Amino acid sequence: MEPDELLEGLTEPQREAVVHGDGPLLVLAGPGSGKTRVITHRAAYLARTITHARHILAITFTNKAAREMAERMERLDVGPGLTCSTFHSFCARSLRMYGDRAGIKPNFSIFDEADQQQAMKAAIRQAELSEENFTPARMLHKISRLKNAMILAEDFAQQAQGWEDRAVARIYLAYQQVLKAQNALDFDDLLVEMALLLGRDPELRDHLNDRYRYVLVDEYQDTNHAQYLIARGLALNHENLCVTGDPDQSIYAWRGANLQNILQFEEDFPKAKVIRLEENFRSTPQILDAADAVIKHNRKRKRKALFTCNPAGPPVRVARCEDQHAESAFVAREIKKHVNAGGRYDDVAIFYRTNALSRNIEAALRNATIPYQIARGVAFFQRTEVKDVLAYLKVVANPLDTVSLERIINTPARKIGKTSVERLFACARQRGRPPQALLERPEDIPDIPKAAVKGMKSLMSLLAGIAEAAEHGAVRDAVEYVVMNSGLLSHHHDSADSSAVENMNELISAAAQYDRQHPDGDGSLTDWLTQVALVSDVDAIDPEVGAVTLMTLHAAKGLEFNHVFMVGLEDGLLPHQRSREENGDIEEERRLCFVGMTRARRALTMTYAKWRESRGISQRTTGSQFLHELPREGIEQITVHDEEEEWRYDREVDEAPLDDAYEWREGQMVRHPDYGTGQIQALEWTGRGTRARVRFKAIGDMTIYLQYSNLEPLEFEEMD
DNA sequence: GGTCCAACATTTTTT
DNA sequence: ATGTTGGACC
């Protein structure tokens, strides 16, 4: 392919971004503006003209995005040696290669959430604080935020003010000690250590700068400070850093993403060229207008002109449903209609704010025999039996990994009781040696019952067998060896949950697939474990699987579907209640809504339920304020009733102003059990919920919180 | 060491 | 309402 062919069919700004040669480049790309196309064509163009594929590094946030990008670049014939990777896997790989320069052993374990939890419990104990007051989950979150901001344990210990922060600092220090002792890094450490390494080791930095002469970071608006330092460090010498992103799609501030990274790019890199991609090639004008109307309500925002030349499509629909059952049944019915009219299941996606909302939808889809896939890739790897198998392999790969050792030492049972385990760990601490080293001679550990000694010996020979299998064979062989010889198979075979055995077999298949991807024997157990540790929810989604896709709004970023349903558009759900509480950010919720809406190509349906059941109780809801922010025109309203097991809905296309879709609106007549009838004068969304100023006929103006009052909307004919 | 029951919380979003 | 965890009991 000739370089010029790569420019065919591109708009002027797209073309400019593709041909931009050396120097920093910021591509501000609105939703559906062909960003991925620009990135892939740019990489191919660079590889064709001024560099080689092996000097190009593209960093994304999910494996799925990395995989897709690599495939698309391959199709453009970019050449061999290109690196497409997520931040985390790039860091993990680099640290395995170069970490020894910073005292990190190459076989380090990567601790997932459950592992972190265990390590944190140990740390809290070590810091002599109670799990009651310092819950592991909260501490992990706090420490994660600190790490994302590159505040190390030592730094924080120095600056911590007040009793609580000083306690957190002690826990942070202890936690890092626990990880260090186990030769383990958590997700955040991968970034932190890489950023530190780049900062402290100029020689390595130069080496990497020379290897990766063109660095490309996607979704730059979601980078945290550590990721920012990594991107900068990788491009320090050549400044060939191309970042793409959209401030309006920043949805990870809660996880430490720093919007300033993208907003201040031009100040960071004064020579930066800035290109705006504002033409949308994805959605209908109705969808784009609706999304634009919502996002315009954000104050902290740079104005951006979104436009599309796409032909008009059906109106954006807002469906008010009686309750969550009516809602999910409506969605299922609409999907059926779509398919009966010749549409495909994989045209359709359903988004929700919280994972808990998927349950109803799933039930309705199953009921209607609609095939669906759900973005829950990590769930598989969190299954007990899968975690067990992996823990054996992790112990073999990294003998210092005590969290994993503790998991498997007596699973399946080999007569090593809780007390024996405690004595083993106590003895290890006392002698300053790792527990697994003591297991070489279990009879030397004081007060261990004979049976336990025997169990420890059999565990050690099992581990030796796994190590042997891992050394000589493919990863598949090692995994299979664990499943076959650990006793886990029979342990789970007669358990009530028959899927356990299937899952272990599936894990073997996953390893086999990995082996096939590494036919030259360049794969390794450690590498596979890394890959497995870094899978994300969306990674499991196959866009062409012939099924409806279910996912959270967060997971939806970067994807697109012909028909999108967004459910649960309710006050407290989207925007989520938590965004109202301390340091919450309602604007981030609005961006989340914007991201969801702009995933839709042809059709967008937003639903909400008047009654929603959560935790066993049904509660009256209020429509999301974002619905009120939709434009006045081009919206179709649907009311979904629940009538005698027959789901029916009425339509009022464009006949009434949008506000009629909601029972709570200015001018609405209402009845209060104590104050009688009145009219809503004003509505306001506050920290405590939706607040209405009502002018009652009998007593005058009152301020009422909708969710706490038994206010009832009155139909026209009911008014006195 | 395994099973069963009761108490408990339910995590917004995730690499 | 439901799933998880911890403790009591076998």
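A quick note: this is a predicted structure, and the numbers were derived from the prediction, not measured. Heavy-atom basis, side chains included; hydrogens, waters and symmetry copies ignored. Letters A, B, ... mirror the listed sequences (proteins, then strands); counts begin at 1.
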## Note on the structure
Residue pairs meeting salt bridge (charged side-chain N to carboxylate O under 4.0 Å, His left out), one or both in residues 111-124 of chain A, sequence neighbours left out, come to Asp112(A)-Lys387(A), Asp115(A)-Lys387(A), Asp115(A)-Lys394(A)
With a 4.0 Å limit, can you tell me whether [X] has a side-chain N or O closer than that to the phosphate oxygens OP1/OP2 of [N]?
| X | N | value |
| --- | --- | --- |
| Asn63(A) | dT15(B) | no |
| Ser614(A) | dT10(B) | no |
| Asn148(A) | dT15(B) | no |

Nearest whole angstrom, please: distance from the [atom2] of [N] to the [atom1] of [X].
| X | N | atom1 | atom2 | value |
| --- | --- | --- | --- | --- |
| Ile586(A) | dT13(B) | CD1 | C1' | 15 Å |
| Asp188(A) | dT15(B) | CG | P | 12 Å |
| Tyr352(A) | dT13(B) | OH | P | 10 Å |
| Asp222(A) | dT15(B) | CG | P | 12 Å |
| Gln117(A) | dT4(C) | CD | C1' | 13 Å |
| Asn410(A) | dG1(B) | CG | P | 5 Å |
| Gln531(A) | dT15(B) | CD | C1' | 14 Å |
| Gln577(A) | dT13(B) | CD | C1' | 15 Å |

### Query
Under 4.0 angstrom, heavy atoms only, what part of the nucleic acid is Leu140(A) near: base, sugar-phosphate, or nothing?
nothing
### Query
Base, sugar-phosphate, or nothing: which does Phe87(A) touch, judged by heavy atoms less than 4.0 Å apart?
nothing
#### Entry: Thr86(A), nearest nucleotide to its side chain (from dG1(B), dT15(B), dT14(B))
dT15(B)
### Message
Checking contacts here: which listed nucleotide (dT15(B), dG1(B), dT13(B)) is nearest the side-chain heavy atoms of Thr552(A)?
### Response
dT13(B)
### Task
Anything below 3.5 Å on both distances counts as a pair; with that, list the stems of at least three consecutive Watson-Crick or G-U pairs involving DNA chain B.
B:1-10 with C:1-10
### Task
Could you pick out which residue, Trp254(A) or Gly417(A), lies toward the 5' side of DNA chain B when each is mapped onto its nearest nucleotide?
Gly417(A)
### Summary
Ranking Ala413(A) and His576(A) by the position along DNA chain B of their nearest nucleotide, the one closer to 5' is Ala413(A)
Checking [X] side chain against [Y] main chain: does a donor-acceptor pair fall under 3.5 Å?
| X | Y | answer |
| --- | --- | --- |
| Arg612(A) | Ser618(A) | no |
| Thr223(A) | Tyr220(A) | yes |
| Arg96(A) | Phe108(A) | yes |
| Glu327(A) | Gly568(A) | yes |

### Task
Measure centre to centre between the rings of Tyr252(A) and His554(A), then say whether the value is under 6.0 Å.
yes
## Note on the structure
Heavy-atom nearest nucleotide on DNA chain C taken for Lys418(A) and for Arg359(A); more 5' hit belongs to Arg359(A)
### Identified side chain to side chain donor-acceptor pair (under 3.5 Å) partner of Asp222(A) from the options Lys557(A), Gln249(A), Arg255(A)
Lys557(A)
### Message
With a 4.0 Å cut-off on N to O distance, would you call Glu587(A) and Arg301(A) a salt bridge?
### Response
no
